[in-house]
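Heads up, the thing below is written out as structure tokens.
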Amino acid sequence: MEAFPQVSELRRDPLLRRWVIIAPERRSDLITRRRARPAGTQVTPCPFCPGNEHMNPKEIYVIRTDQSARNPQGWAVRVTPDRRPLLRVEGPVERRGVGLFDLMSATGAHELVTDTPDHDAHWADFDGTQMERLFASYVARYNDLRNDRRFRHVVIMKNYGAPWSRYPHQHSHVVAMPFIPRRIEDEFIGAKEYYKLKERCVFCDALREEEKVGTRIVAVNEHFVVYAPFASGFSFEVWVLPRRHTQDFGEMGDRALPALAAIFQETMQKLRTTLNDPHFSLALHSSLSRDNSDEFHWHWELIPHLSGEIGMEWATGLYFNSIAPEDAAACLRDGLPLT
């Protein structure tokens, strides 16, 4: 009988057509997660605070500002390899079959972004300069990782208030992988089918419709639009899209960066006001390939966590949303608390 894996590996589900990371090195996380900590407690010292840089691997990217007594190294955004990566950058991508199943080495990159040196700062508290630095860091890491020919997809994601996170200090992740995740692949397929039928980008059409109707718009500026999707799967789900059509986040350009930072600032402040500082997940959906440059349109998806998991969603993929996107957009747009 084959021994249980001792290192991470990628396994493909032949029925659902998705890759899954099997990560035995994270077994202790599951055990720790089941041991509830008293509310309001946190692990100290915080490895993301200035002065504790030695608690993380050597930085691979950093934006510095003026040094101070509280921040001797003067960094504003800091990127390091994750101390316990889900995917490891070392080694080639190795594929093999195990009977009818497909297995691949857990080769990739898993980077941790410390969003700010301020331990207590929320994204809604960032000024325009700090938010711009953060998104400039995302663009830089995205474009650097895309040059590695082993990687087929790069995702940038953030989980704020995640119950499994031991540290409240604002941080996010950049993950490069040797495959395209099923969730993203489904978007590529849907966008391609729409383009084949109408010879137009489905995202561009949605933007035009949303701006014409206006009821699901949350915020707009010269370069970006934030709206609640027509068929939102989650209450207060919002998407951030560039007005200019491009499938690749890395091609955004410096000119649009301040506008992206500004609209995220505005959106985060609206979310905090309306939903009383909700936990949320945020992810970038983008394409490294030019094969779908006409039909795909990069965007951010943000989902507040307002309730527990619903069994039907897990069992069927059919989502249940108790807040109409028009109502959600109106609350966010007008700064009305959810009652």
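Starting from 1, each residue takes its place in the sequence as its number.
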**Residues forming a side chain to side chain contact (heavy atoms under 4.5 Å, CB included) with Leu275, sequence neighbours excluded** =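 Expected list: Phe236, Leu271, Pro278, Pro304, Leu306, Leu338.
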
**Item:** 4.5 Å side-chain heavy-atom contact, Arg141 and Val113
**Value:**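 They are not in side-chain contact.
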
**Prompt:** Are Leu112 and Phe48 close enough that some pair of their side-chain heavy atoms sits under 4.5 Å apart?
**Reply:** yes

Side-chain ion pair, [X] and [Y], N-O less than 4.0 Å:
{"X": "Arg182", "Y": "Asp13", "value": "no"}
{"X": "Glu209", "Y": "Lys212", "value": "yes"}
{"X": "Asp186", "Y": "Arg18", "value": "no"}
{"X": "Arg96", "Y": "Glu94", "value": "no"}

**Request:** Report the C-alpha distance between Ser281 and Met157 in whole Å, list the side-chain angles of each, state the deciding distance to 0.1 Å, and finish with yes or no for side-chain contact (heavy atoms from CB on, under 4.5 Å).
**Result:** CA-CA 7 Å; Ser281 291; Met157 58 187 179; over 6 Å; no

What side-chain donor-acceptor pairs closer than 3.5 Å can you find for residues 218-230, not counting sequence neighbours?
from	atom 1	to	atom 2	distance (Å)
Asn221	OD1	His223	N	3.0
Asn221	OD1	Phe224	N	2.8
Asn221	ND2	Ala259	O	2.9

More than 12 heavy atoms of other residues, nucleotides or ligands under 6.0 Å from [atom1] of [X]: yes or no?
{"X": "Arg208", "atom1": "CZ", "value": "yes"}
{"X": "Asn276", "atom1": "CG", "value": "no"}
{"X": "Asp254", "atom1": "CG", "value": "no"}

**Prompt:** If you take all heavy atoms of Ala176 and Leu145, which pair is closest and at what distance?
**Reply:** CB-CD1, 4.2 Å

**Item:** Closest non-hydrogen atom pair between His245 and Cys204, with its separation
**Value:**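 Taking every non-hydrogen atom into account, ND1-SG, 3.5 Å.
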
Decide whether [X] and [Y] meet the rule of one side-chain donor and one side-chain acceptor closer than 3.5 Å.
{"X": "Gln130", "Y": "Arg133", "value": "yes"}
{"X": "Thr107", "Y": "Ser105", "value": "yes"}
{"X": "Tyr194", "Y": "Asp205", "value": "yes"}
{"X": "Glu59", "Y": "Trp75", "value": "no"}

**Request:** Decide side-chain contact (heavy atoms from CB on, under 4.5 Å) for Met252 and Leu257; before the verdict, give the C-alpha distance in whole Å, the side-chain angles of both, and the deciding distance to 0.1 Å.
**Result:** CA-CA 7 Å; Met252 177 176 59; Leu257 198 58; 3.3 Å; yes

**Asked** So, do Trp123 and Tyr160 have ring centers that fall under 6.0 Å from each other?
**Response**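 Not under 6.0 Å, so no.
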
**Prompt:** Is the centre of the Phe296 ring less than 6.0 Å from the centre of the His285 ring?
**Reply:** no

**Asked** When you look at Leu336 and Thr274, which way does the side-chain contact (heavy atoms from CB on, under 4.5 Å) test go after all the steps?
**Response** CA-CA 5 Å; Leu336 301 175; Thr274 298; 5.5 Å; no

**Request:** Could you pull out all residues at least two apart from Arg150 that satisfy side chain to side chain donor-acceptor pair (under 3.5 Å)?
**Result:**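 Listed in chain order: Asp148.
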
**Item:** Verdict with supporting geometry, Leu284 and Trp298, side-chain contact (heavy atoms from CB on, under 4.5 Å)
**Value:** CA-CA 8 Å; Leu284 170 70; Trp298 71 263; 3.8 Å; yes

